[in-house]
Number of protein chains: 2
Amino acid sequence: MSDPKPGLNSEQLGAYFALMEVSSLLQYAVDEHLRAEGDLSYVQFQILARLVDAPEGRLRMTDLADGVVYSRSGLTYQAGLLDKRGLISRSPSPDDERSVIVTVTDAGRELIAHVLPGHVDRVHQLLFESMPGEDLTALGAILGRVRDHMRAAPPRSAKPRAARNRTS
Amino acid sequence: MSDPKPGLNSEQLGAYFALMEVSSLLQYAVDEHLRAEGDLSYVQFQILARLVDAPEGRLRMTDLADGVVYSRSGLTYQAGLLDKRGLISRSPSPDDERSVIVTVTDAGRELIAHVLPGHVDRVHQLLFESMPGEDLTALGAILGRVRDHMRAAPPRSAKPRAARNRTS
DNA sequence: TATTGTTATACTCTATAACTATA
DNA sequence: TATAGTTATAGAGTATAACAATA
């Protein structure tokens, strides 16, 4: 009975549960605010926020799907909703006729601007209000390393469609 | 450094994004495993795990709903599914005829036992594999404090049903 | 009247696969 | 053939409100 398969010790279990609970409560709170204040789901907010952040407010559908993580059809669905509301516009790419370029409209920018302060307030209030500076620094560093580790062995992007990496 | 409306500084933003990304990737990976290995959603796993962990494998519906966080109708729906599969059983409480006591069946315990090692492995691999001991300790402590802080001002349980708070 | 739980319903979201078109 | 995106469809999950029964 040596222990080649350690499982999780109680410290790890505690950290795991705390992580899941904190993120779940945070996302719930933030989502609720976004819906109330801007009639946006968290995913829609992420899409718009990414566009606002992008060079000219525009990204290809594929790049958008890679950033916000999920299926292409899901992104098409969400983009359809945002388009219908006039928050984004879509047009074929001049470079590659297959591609679609998504652009935030002014209305989209305004909505994000309208929603962002409250969003940030909620995050601040729930996550950082009672957090000392050293904790913040440590948390950011630790989670940053974990994220890098997770990205190194992509559990998700590994199979969205491409599966390039033909090893032969 | 007076800063009445601080928003989030870049360190906070980074920590916030890292937290959301890490938890999202982790949940995605774990969910995928649970479905493949036990045909369980994450919520269903949480319900069963809580029951397995409870004194005699039994809890009231309400207490279960309070733990796993969501609506009563949602819990009824999930309990219906688990019941149909023979993983739990439901019976009226002897103490309070309104209440329903949920109990894990042997099959439910077996399924959790079957699924848990792989679950734990995934968490270990993604979250802890590359994490030094000091990081683990710090992460657990920080997130524990945050959770307590969040729970102190309940953003969710505040309104599951009661709390009509008639302002009249 | 308040609480426990269920049900009916309607809606959002997501994934899969088939499809079109461009490269 | 491989890639970009859309569409059709089907299913899971969720929330709300109305409901019945008990406290």
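We name chains A, B, ... by the order of the sequence lines, and we start the count at 1 in each one.
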K.L.:
Under 4.0 Å between a side-chain N/O of B:Gln78 and OP1 or OP2 of D:dA12, yes or no?
P.N.:
no
K.L.:
Starting at CZ of B:Arg147, measure out to CD1 of B:Ile142 and round the result to the nearest 0.5 Å.
P.N.:
13.5 Å
K.L.:
Quick one: A:Tyr77 OH to D:dG11 C1', roughly how many Å, whole number?
P.N.:
14 Å
K.L.:
In terms of side-chain heavy atoms of A:Glu97, which of C:dT6, D:dA15, C:dA23 is nearest?
P.N.:
C:dA23
K.L.:
Classify the side chain of A:Ser99 and the base of D:dA4 as holding, or not holding, a donor-acceptor pair under 3.5 Å.
P.N.:
no
K.L.:
Would you indicate, yes or no, if C:dT6 has its OP1 or OP2 atom less than 4.0 angstrom from a side-chain nitrogen or oxygen of B:Arg72?
P.N.:
no
K.L.:
Flag the pair B:Asp31 and B:Arg35 as a salt bridge only when some basic side-chain nitrogen lies within less than 4.0 angstrom of an acidic carboxylate oxygen.
P.N.:
yes
K.L.:
Closer than 4.0 Å, any side-chain N/O of A:Ser71 to the OP1 or OP2 of C:dT14?
P.N.:
no
K.L.:
Can you tell me which nucleotide in C:dT14, D:dG13, C:dT6 comes closest to the side chain of A:Val43?
P.N.:
C:dT14
K.L.:
Report the residue (B:Ser41 or B:Asp96) whose heavy-atom-nearest nucleotide on DNA chain D is the more 5′ of the two.
P.N.:
B:Ser41
K.L.:
To the nearest angstrom, how far is B:Leu34 atom CG from D:dA12 atom P?
P.N.:
17 Å
K.L.:
On a plain distance test, is the side chain of A:Ser73 in donor-acceptor contact with the base of C:dT16 below 3.5 Å?
P.N.:
yes
K.L.:
Using a 4.0 Å heavy-atom cut-off, does A:Ile101 contact any base of the nucleic acid, only the sugar-phosphate backbone, or nothing at all?
P.N.:
nothing
K.L.:
Is any NZ, NE, NH1 or NH2 atom of the basic residue among A:Asp63 and A:Arg60 found under 4.0 Å from an Asp or Glu carboxylate oxygen of the other?
P.N.:
yes
K.L.:
Counting only side-chain nitrogens and oxygens, does B:Ser93 get under 4.0 Å of the OP1 or OP2 atom of C:dT4?
P.N.:
no
K.L.:
Calculate, to the nearest 0.5 Å, the distance between atoms NE2 and CG belonging to B:His33 and B:Leu40 respectively.
P.N.:
10.5 Å
K.L.:
Taking only side-chain N and O atoms of A:Arg35, does any of them lie within less than 4.0 angstrom of OP1 or OP2 on C:dC13?
P.N.:
yes
K.L.:
What is the distance, to the nearest angstrom, from the NZ atom on B:Lys84 to the C1' atom on C:dT6?
P.N.:
13 Å
K.L.:
Could you tell me whether the side chain of A:Phe45 reaches within less than 4.5 Å of the side chain of A:Leu116, counting heavy atoms only?
P.N.:
yes
K.L.:
Within less than 4.0 Å of OP1 or OP2 of D:dT6, is there a side-chain N or O belonging to A:Arg98?
P.N.:
no
